[in-house]
Amino acid sequence: MIMKLGVFPGGLLSLDLKEMVKHDFISDDWKDALTSLFTKETEQSLKLKVYSVSDSVTADRRRLRTPVRRSTLQLIDSLQISTGDFFWIQINKILSLNGVLLKPTEAVIEFLMREFQKEIQEFELTRLNYLTLLSLSFLRKIENLSIYHEKILENSAVCKHGLWAIAEDNSFYQKFIKEKAIMVSYLDNSSIKTAKDIQNIYNIHESNFLSSLRLTFIKPMIANTGILTFC
Amino acid sequence: MTHFAIQFNKETRKETLDMIEILWFSTLTIYKIFRKNAEAVISLASKMLGLLNEFDVKGSQVALFKIKLRLFIIGIIVKQRRGDISHAENEFKSEVKLIHELKSEIAEPDTIQRITFELEFAKAYLLYRQKKDRHGEGQKRFQEIVKILKDSCDKILGTLHYQTDIDRAKVALLLSKVHILNPKETTDTILKERLFSGLKQFQRSTNLKLALETSYSIGYLHYQYITRF
């Protein structure tokens, strides 16, 4: 769970996690995992959980051990977890969306990138698939809200004609769009009705989208040898 | 120290490339919509081009993706860099040169034609913008734009067999914009018909801004016609 959240530098909304379960990107035990970590727990028990992640790097362990938890124990009804700044994650309530944002700290992201490369690599395709669906859903929402319109010389993903249409033989298109028309449904929420509303959600996800340019994990999947070796 | 290796197969490679193509282009488009800073957007597109070079994968798919990114950059250059026209023109020429080089990696004749269409249309639009911003050289410039649109763009569209309606509508719209800037030019009935047909296409594909611009052009050209007599 920590690893799956940690690979999204901008964090994930609880709504994203629900959506990922819905489309079989992750299993539905994330709620239980979070609830067990953040409901009425003492800092001591949290520390123990973090220690069990890895025994290999003492410096990182020392950093993660430092208690920096500040405001906590405001229960979120739907999730029954506490909000606040924990030493490996920030949990903030997003009132407008009736959800929470779970954002891993920089130290945790760095630690995971260094120590859990194999696990991250295995999850990378799933992560990118979700971001692709999310990006297409953003474009659809932008179109539905009429906050941006195609220009005469547009040349972007807003265009759906000619050279700009997604190729019929694109495997992502065939798997998710052509027949199933899968989209991230929380963006369809009627409470998201202005350019500002959608921009606020985009601001959360911008670093996630930009992290799709992280070549460390993509390059081996595309390289001719097709082998990724970590030493 | 940990040693391990993960083996990827051909399917993973295709799946990843297909996904990256959609994800990066959508990411770039959303970034453009929300960030609105032309320099930052061009910088992100250039970064993507650099990363694609690092993949070291040859073939139509990657070449076409690179071309789309370069056409995207052209769109920003022409539309948003209005102050320094000569600089924009140099950037435009440099992107066009790189696209022509990449075109040699594309195998499908239909795709090559569509790329050529996009380049010609962008060139016509650049000249129109220069004229609109009073940087052109009078009547000669108008004729040059009309020539590109009619002799190149229309001709290419005539050779393509599907998905050309929006492109045709855009050509008609740009022709009408040129006519509006140059009242000496007489509007023929064919252009009017093309504009009405284009209006329907834009409405059908919910391109409301372009539909509105087409309606405005129809109205304005009609007004020009009436006031002439």
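So that the names make sense, note that chain A is the first sequence line, chain B the second, and so on, each numbered from 1.
Neither side chain, B:E105 nor B:S60, offers a donor N or O lying under 3.5 Å from an acceptor on the other. Side chains of A:E143 and B:T206: a donor on one and an acceptor on the other come within 3.5 Å. Side-chain N/O atoms of A:Y186 and A:K18 include no donor and acceptor closer than 3.5 Å. No donor-acceptor contact under 3.5 angstrom links the side chains of B:S152 and B:K123, judged on distance only. One side chain, A:D16 or A:H205, offers a donor N or O that lies under 3.5 Å from an acceptor on the other.
Side-chain atoms of B:W24 and B:L51, non-hydrogen and from C-beta on, do get closer than 4.5 Å to each other. With a 4.5 Å cut-off on side-chain heavy atoms, A:I201 and A:L97 count as touching.
Taking chain B as the reference chain and counting heavy-atom pairs below 4.5 Å, the highest number among A:S135, A:A167, A:S146 is found for A:S135. Heavy-atom pairs under 4.5 Å with chain B peak, among A:L213, A:I218, A:L139, at A:L213. For the options A:K151, A:E154, A:K175, heavy-atom pairs under 4.5 Å to chain B are most numerous at A:K151. Contact count versus chain B (heavy atoms, under 4.5 Å) is highest, among A:F176, A:F138, A:Y148, for A:Y148. For the set A:S212, A:A195, A:C159, A:A165, the entry with the most heavy-atom pairs within less than 4.5 Å of chain B is A:S212. Heavy-atom pairs under 4.5 Å with chain A peak, among B:I20, B:I74, B:L23, B:T27, at B:L23. Your options are A:F172, A:Y173, A:W164, A:F209, and the one with the most heavy-atom pairs under 4.5 Å with chain B is A:W164.
Separation of the A:Y202 and B:Y31 ring centroids does not fall under the 6.0 Å cut-off.
Under the 3.5 Å distance criterion, the side-chain polar atoms of A:D28 are left unmatched by any main-chain donor or acceptor of A:V21.
In summary, of the residues considered (A:L136, A:L133, A:L128), a side chain to side chain contact (heavy atoms under 4.5 Å, CB included) with B:I22 occurs for A:L136 alone.
For A:E124, no part lies under 4.5 angstrom from a heavy atom of chain B. Contact annotation for A:L131: both backbone and side-chain heavy atoms come within less than 4.5 Å of a heavy atom of chain B. For B:Y125, the part lying near chain A is the side chain, with the backbone staying farther off; criterion is any non-hydrogen pair under 4.5 Å. Proximity to chain A involves both the backbone and the side chain of B:E54, based on heavy atoms less than 4.5 angstrom apart. Proximity to chain A is absent for every atom of B:T164, based on heavy atoms less than 4.5 angstrom apart. Interface remark: B:L69 contributes no atoms to any contact with chain A (heavy atom separation under 4.5 Å). For B:L71, the parts lying near chain A are the backbone and the side chain together; criterion is any non-hydrogen pair under 4.5 Å. At a 4.5 Å heavy-atom cutoff, A:L134 makes no contact with chain B through either its backbone or its side chain. Within the 4.5 angstrom heavy-atom criterion, only side-chain atoms of A:I142, from C-beta onward, approach chain B.
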